[in-house]
Amino acid sequence: MNDNLYAILAARFPHNPDAPCLILPDGRRISYAELESQSARYGNLLIEAGVKPGDRVAAQVEKSPEALYLYLGCLRAGGVFLPLNPAYQRGEIEYFLGDAKPGLFVCRPEKLEEAQELAWATRVPLVHDLGERGDGSLVAAAAEMPDRLDTVESAGSDLAAILYTSGTTGRSKGAMLTHRNLAANALVLHQYWGFRPGDVLLHMLPTFHVHGLFVATHCALANGSPMLFEPKFDAPRALRLMREATVFMGVPTYYVRLLQEPGLTREAVAHMRLFVSGSAPLLPETFAAFRERTGQTIIERYGMTEGGMFTSNPLDGERRGGTVGFPLPGTEVRVVGESGKLLPAGEIGHIQVRGQNSSSVFAGYWRMPEKTQEEFTPDGYFRTGDMGRFDSDGYLAIIGRDKDLIISGGLNVYPKEIEEAIDALPGVAESAVIGLPHPDFGEAVTAVVVRDRNGAGLSAEGIIAALKGQIAGFKVPKAVHFVEDLPRNTMGKVQKNLLRQRFSA
Ligand code: MCA
Ligand code: AMP
């Protein structure tokens, strides 16, 4: 049997070749048959370009049908897909290319020149461009390729994707996901959330992260369902499209924005059967307000790039606000104390997860065996860095994080990276970056800066302007405060809790 994720999904595609797979904003419909032939063209193109099984294919492109063909073509060719947020700037991309050494880098047309320079510097042999309207050299080259391809035979343990996640210290780490990880997660979620004939997914998430590319897309493909495939989230448009959809997945910011729409009523969502939220904590107020307005109860689930989804509230049975539900089938989740001792229900500790048959937890960090080892316990549990507790009914609540991480609008920002960028600016003695409650993004990246003796002219606007263009926009602080000193404990560690208290007031 072929354990290639594409083969597993394709075995579930509808028998009717005309069944729609993607429905685009301009009304264009792309059938499952076309998805198969297009992904074959892209797969053939990669093979012809010399991409061998296990070779990385990096893509920093906007969401589009062609971007999806590229991902699926990469799976079919046995390549390892490496999606990159278009918000990343030159320095960020240079690191990813240098670390992952892809055989091909696909960029946006407007960034072609920069991409070629970066590829040359990092010894990436081939660059193509792909525009959001299906333009660019990649599309032209794929069009010349045969539209049939026998999907490469893969073992479950073969890599399917690498997704970079930053860390509390040092460099970004590439989380290695196998065909088995992705397939197991897709099939479990498909079943757990009761995907059924007639389902239509409203897909408004970006496709460069686990949530949009894997959780949402794989569920729809595994069900042979159409996706209303939208370039980005837009609350009024979401409400209009919900009249034709049955399932919606989003980060909490999407729900906060939907609640601001007067048109969000029971009637507007009457066609919908399922709302899923994840990637960041859904405030109990948002959960309750959504139920009040729509009569629909959001299913909150919890996961990580390092393995996909770990827990979910149930489809049938109580969906409990403020919790992320139960461990998914095939995933073991435990809460342990400082000494590693298992804690009883009600006590807060470190959340650790383990997958049966190494299915639900990733294969480790790309070329970082020591870092990988540190993150696993001797008995094979992955240390998530999240703090939580089980209640007496077995629901898991995420209480906080023991990692220094900010989640803004569902996107992760590691303070260390921003602090390093700020500290390098002239006039800065040191800085601390914290997350403060934000009504739209959940948390807002906020910098607290100490000037040095040359820093009299330093302003908040100046710091923000200097960071833009250097790091992705979502990482740039929304506010900068100046202080004389950073509060430190006796160990010399900055007391970020005191800064959070002071500046959220
Ligand atoms: C955009 N901006 C942001 C964010 N997004 N600032 C803070 N946080 C953000 N998330 C900034 C831009 O830099 C820009 O700044 C300005 O906002 C407008 O940009 P635009 O793109 O127009 O914003 P938007 O369309 O309103 O986007 C906000 C968004 C988007 C819709 C919330 O960020 C989004 O779709 N987030 C979802 C991300 C996601 O898929 N996460 C899942 C990761 P300026 O004007 O200054 O230039 S997977 C994961 O976490 C795990 C596995 C899991 O459990 O799912
Ligand atoms: P990422 O590295 O992008 O995969 O983000 C994973 C992190 O997002 C987890 O470690 C959690 O801190 C957070 N996360 C994901 N889902 C939830 C949720 N439902 N509630 C709280 N935090 C979440």
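Every value quoted in this text rests on a predicted model; they were computed, and no experiment measured them. In listed order, ligands and their atoms are each counted from 1.
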Taking NZ, NE, NH1 and NH2 as the nitrogens, is one of them in [X] or [Y] under 4.0 Å from a carboxylate oxygen of the other?
| X | Y | result |
| --- | --- | --- |
| D158 | R180 | no |
| E113 | R108 | no |
| K371 | E306 | no |
| K232 | E132 | no |
| E332 | R354 | yes |

Less than 4.0 Å is my threshold; does some heavy atom of [X] fall inside it relative to ligand 2?
| X | answer |
| --- | --- |
| K403 | yes |
| I407 | yes |
| A280 | yes |

Nearest neighbour in protein (non-hydrogen) for [atom]:
| atom | answer |
| --- | --- |
| atom 10 (N) of ligand 1 | S408 O, 2.8 Å |
| atom 16 (N) of ligand 2 | S279 N, 3.2 Å |
| atom 13 (O) of ligand 1 | G473 C, 3.3 Å |
| atom 19 (N) of ligand 2 | R301 O, 2.7 Å |
| atom 33 (O) of ligand 1 | L411 CD1, 3.9 Å |
| atom 21 (C) of ligand 2 | P281 N, 3.4 Å |
| atom 2 (O) of ligand 2 | N412 ND2, 2.7 Å |
| atom 20 (P) of ligand 1 | K232 NZ, 4.0 Å |

Using a 4.0 Å heavy-atom cut-off, which part of [X] comes near ligand 1: side chain, backbone, both, or neither?
| X | answer |
| --- | --- |
| F474 | both |
| K478 | side chain |
| H211 | both |
| R257 | side chain |

Inset, instruction - Could you tell me whether H209 approaches ligand 2 through its side chain, its backbone, both or neither, with non-hydrogen atoms closer than 4.0 Å? - result: neither
Would you mind listing which atoms of ligand 1 come within a distance below 4.0 Å of any non-hydrogen atom of [X]?
| X | answer |
| --- | --- |
| H209 | 43 (C), 48 (S) |
| T305 | 52 (C) |
| G303 | 54 (O) |
| L205 | 40 (O) |

Using a 4.0 Å cut-off to any heavy atom of [X], which atoms of ligand 2 qualify?
| X | answer |
| --- | --- |
| M304 | 4 (O), 6 (C), 9 (C), 10 (O) |
| R401 | 12 (O) |
| E300 | 18 (C), 19 (N), 20 (N) |

Inset, instruction - Could you grab the distance from atom CG of L241 to atom CG of D234, nearest 0.5 Å is fine? - result: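 Those atoms lie 9.0 Å apart.
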Is [X] positioned over the aromatic face of [Y], cation under 6.0 angstrom from the ring centre and no more than 45 degrees off axis?
| X | Y | result |
| --- | --- | --- |
| K173 | Y365 | yes |
| R273 | F195 | yes |
| K63 | F229 | yes |
| R334 | Y381 | yes |

Check whether any protein heavy atom sits under 4.0 Å from [atom].
| atom | result |
| --- | --- |
| atom 37 (C) of ligand 1 | yes |
| atom 26 (O) of ligand 1 | yes |
| atom 15 (O) of ligand 1 | no |
| atom 45 (O) of ligand 1 | no |
| atom 6 (N) of ligand 1 | yes |

Please confirm whether [X] approaches ligand 1 to less than 4.0 Å, judged on its heavy atoms.
| X | result |
| --- | --- |
| K468 | yes |
| R301 | yes |
| G212 | no |

Contact (N/O only, under 3.5 Å) between [X] and ligand 2:
| X | value |
| --- | --- |
| E306 | no |
| T165 | no |
| D386 | yes |
| T305 | yes |
| Y302 | no |

Just go through [options] and tell me whose heavy atom is the nearest to [atom].
| atom | options | result |
| --- | --- | --- |
| atom 34 (C) of ligand 1 | Y254, F233, F310 | Y254 |
| atom 51 (C) of ligand 1 | S279, G409, P477 | S279 |
| atom 52 (C) of ligand 1 | V210, T253, V445, V215 | V210 |
| atom 40 (O) of ligand 1 | P206, G410, A216 | P206 |

[X] side chain vs [Y] backbone, donor-acceptor pair below 3.5 Å:
| X | Y | answer |
| --- | --- | --- |
| T305 | L163 | no |
| S225 | V200 | no |
| N181 | T178 | yes |
| Y69 | S64 | no |
| E443 | I407 | yes |

Legend entry - Min side-chain heavy-atom separation L82-V57 under 4.5 Å: no
Legend entry - Residue from Y6, F81, F208 passing ring-ring contact (aromatic ring centres under 6.0 Å, His included) with Y71: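 Option passing the ring-ring contact (aromatic ring centres under 6.0 Å, His included) with Y71: F81.
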Inset, instruction - Inspect the surroundings of CZ in R367 and state if more than 12 heavy atoms from other residues, nucleotides or ligands are less than 6.0 Å away. - result: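 Yes, because the 6.0 Å sphere around CZ of R367 holds more than 12 heavy atoms from other groups.
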Inset, instruction - Report the relative orientation of the aromatic rings in Y255 and F275; use parallel for angles under 30°, tilted for 30 to 60°, perpendicular for over 60°. - result: perpendicular
Inset, instruction - Indicate whether the side chain of Y395 and that of N313 have a donor and an acceptor atom separated by less than 3.5 Å. - result: no
